[in-house]
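Reading through the structure tokens given below for one structure.
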Amino acid sequence: MSDLDAMIAAAREVMGRAYAPYSRFQVGACLRSESGQIYAACNVENAAYPQGQCAEASAIGMMVAAGDRRIAEVVVMGGGEGDGGLCTPCGGCRQRLREFAAPDTRIHVCGPEGLRRSFTLDELLPASFGPENLGF
Ligand code: THU
């Protein structure tokens, strides 16, 4: 199984465990770090709506807690069809990914059936602000 297939399978598994009673929109995200580890997590909503957390944010937290710092590849999986059929990362999550990824890092947008479309981070967040702006 390729890295990407393994990531898609992991995203599908955690998507099914998403806690999304309010939106009923389940999302799974899987990160592969440069060290080769895979971190998969889902969205976690809250009755106090703004306290909900996106799947990508959950996965980034797992990666950092494990001691990893660089993202090599990303899978984001959500449902939807037609015009709403691409579960691209929200604006906040594009910025969160940007902290730990490179402009050419690939973000694979998937549905439960598999890959729908791939982007680079730079395509999703051009001319972005990042650690370099602060001298890091
Ligand atoms: N959601 C994610 O988890 N990731 C995204 O990139 C898009 C949106 C979640 C947040 C919320 O729980 C639900 O999808 C509907 O917005």
Side-chain angles (χ1 to χ4, degrees):
M1 188 187 277
S2 72
D3 279 347
L4 181 56
D5 286 340
M7 292 175 70
I8 289 173
R12 189 183 294 117
E13 185 177 345
V14 294
M15 180 183 166
R17 295 194 206 111
Y19 179 72
Y22 307 109
S23 73
R24 300 189 180 282
F25 192 80
Q26 296 187 304
V27 182
C30 184
L31 311 177
R32 182 171 58 81
S33 64
E34 287 182 356
S35 70
Q37 286 297 116
I38 277 181
Y39 304 97
C42 54
N43 52 331
V44 182
E45 297 186 346
N46 194 280
Y49 289 3
Q51 302 307 322
Q53 175 155 292
C54 286
E56 297 91 325
S58 302
I60 288 170
M62 292 175 70
M63 183 193 77
V64 172
D68 263 326
R69 282 286 188 277
R70 296 303 298 170
I71 296 171
E73 196 171 14
V74 181
V75 164
V76 180
M77 183 181 292
E81 287 166 22
D83 286 347
L86 278 185
C87 183
T88 45
C90 76
C93 285
R94 294 177 195 202
Q95 185 68 38
R96 289 188 180 95
L97 293 166
R98 191 261 181 256
E99 185 76 13
F100 303 104
D104 64 350
T105 300
R106 308 217 8 117
I107 298 171
H108 305 287
V109 178
C110 300
E113 78 292 348
L115 180 62
R116 293 186 178 178
R117 188 167 158 188
S118 298
F119 300 86
T120 63
L121 177 62
D122 192 57
E123 285 179 291
L124 296 181
L125 194 68
S128 65
F129 185 90
E132 303 79 12
N133 293 89
L134 303 178
F136 288 92

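Checked by atom type, the side-chain pair Y22/N46 shows no donor-acceptor distance below 3.5 Å. Inspection of the S128 and Q95 side chains reveals no N or O donor paired with an N or O acceptor under 3.5 Å. For the 3.5 Å distance criterion, the side chains of D104 and T120 fail to qualify, holding no donor opposite an acceptor.
The backbone N or O of L86 lies less than 3.5 Å from no partner atom in the side chain of R117, so there is not a single donor-acceptor pair. Between the E45 side chain and the S23 main chain, a donor and an acceptor come within less than 3.5 Å of each other.
Of all heavy-atom pairs between C87 and V76, the closest is O-CG1, 3.4 Å. Nearest approach of A18 to Q26, heavy atoms of both residues: O-NE2, 3.4 Å. The two residues A41 and A55 have their closest heavy-atom pair at O-CB, 3.6 Å. Nearest heavy-atom pair across A59 and A29 is CB-O, 4.2 Å.
Distance check: L124 CG to T105 OG1 gives 11.0 Å after rounding to the nearest 0.5 Å. Annotation: the span from M77 atom CE to L115 atom CG amounts to 9.5 Å, rounded to 0.5 Å. Taken from CD1 in I38 to SG in C30, the straight-line distance is 4.5 Å, to the nearest 0.5 Å. The distance from atom CE of M7 to atom CE of M1, rounded to the nearest 0.5 Å, is 13.0 Å.
In terms of hydrophobic clustering, with Ile, Leu, Val, Met, Phe, Trp and Tyr side chains grouped at heavy-atom distances under 4.5 Å, F25 and V14 are assigned to different clusters. Under the 4.5 Å side-chain heavy-atom criterion for grouping Ile, Leu, Val, Met, Phe, Trp and Tyr, F119 is connected to I71 within one hydrophobic cluster. Hydrophobic clustering of Ile, Leu, Val, Met, Phe, Trp and Tyr side chains at less than 4.5 Å, counting indirect connections, unites I60 with V74. In the hydrophobic cluster analysis, where Ile, Leu, Val, Met, Phe, Trp and Tyr join through side-chain heavy atoms closer than 4.5 angstrom, V44 is grouped apart from Y39.
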Run the side chain to side chain contact (heavy atoms under 4.5 Å, CB included) check on N43 and Y19 step by step: do they pass?
-> CA-CA 6 Å; N43 52 331; Y19 179 72; over 6 Å; no

Decide side chain to side chain contact (heavy atoms under 4.5 Å, CB included) for F100 and V64; before the verdict, give the C-alpha distance in whole Å, the side-chain angles of both, and the deciding distance to 0.1 Å.
-> CA-CA 10 Å; F100 303 104; V64 172; 3.9 Å; yes

Take C42 and V27 through the side chain to side chain contact (heavy atoms under 4.5 Å, CB included) test and state the conclusion after the steps.
-> CA-CA 6 Å; C42 54; V27 182; over 6 Å; no

So L97 and L31, side chain to side chain contact (heavy atoms under 4.5 Å, CB included) or not? Walk me through it.
-> CA-CA 10 Å; L97 293 166; L31 311 177; 4.0 Å; yes

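Shown here are the side-chain contact (heavy atoms from CB on, under 4.5 Å) partners of P131, two or more places apart in sequence or in another chain: R98, E99, F136.
Other residues, nucleotides and ligands contribute more than 12 heavy atoms inside 6.0 Å of the CZ atom of R70. Environment of CD in E132: crowded, with over 12 heavy atoms of neighbouring residues, nucleotides or ligands closer than 6.0 Å.
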N/O donor-acceptor pairs under 3.5 Å from side chains in residues 107-114, not counting sequence neighbours:
| residue | atom | partner | partner atom | Å |
| --- | --- | --- | --- | --- |
| H108 | ND1 | S118 | OG | 2.7 |
| H108 | NE2 | E73 | OE2 | 2.8 |
| E113 | OE1 | R116 | NH2 | 3.2 |
| E113 | OE2 | R116 | NE | 2.8 |

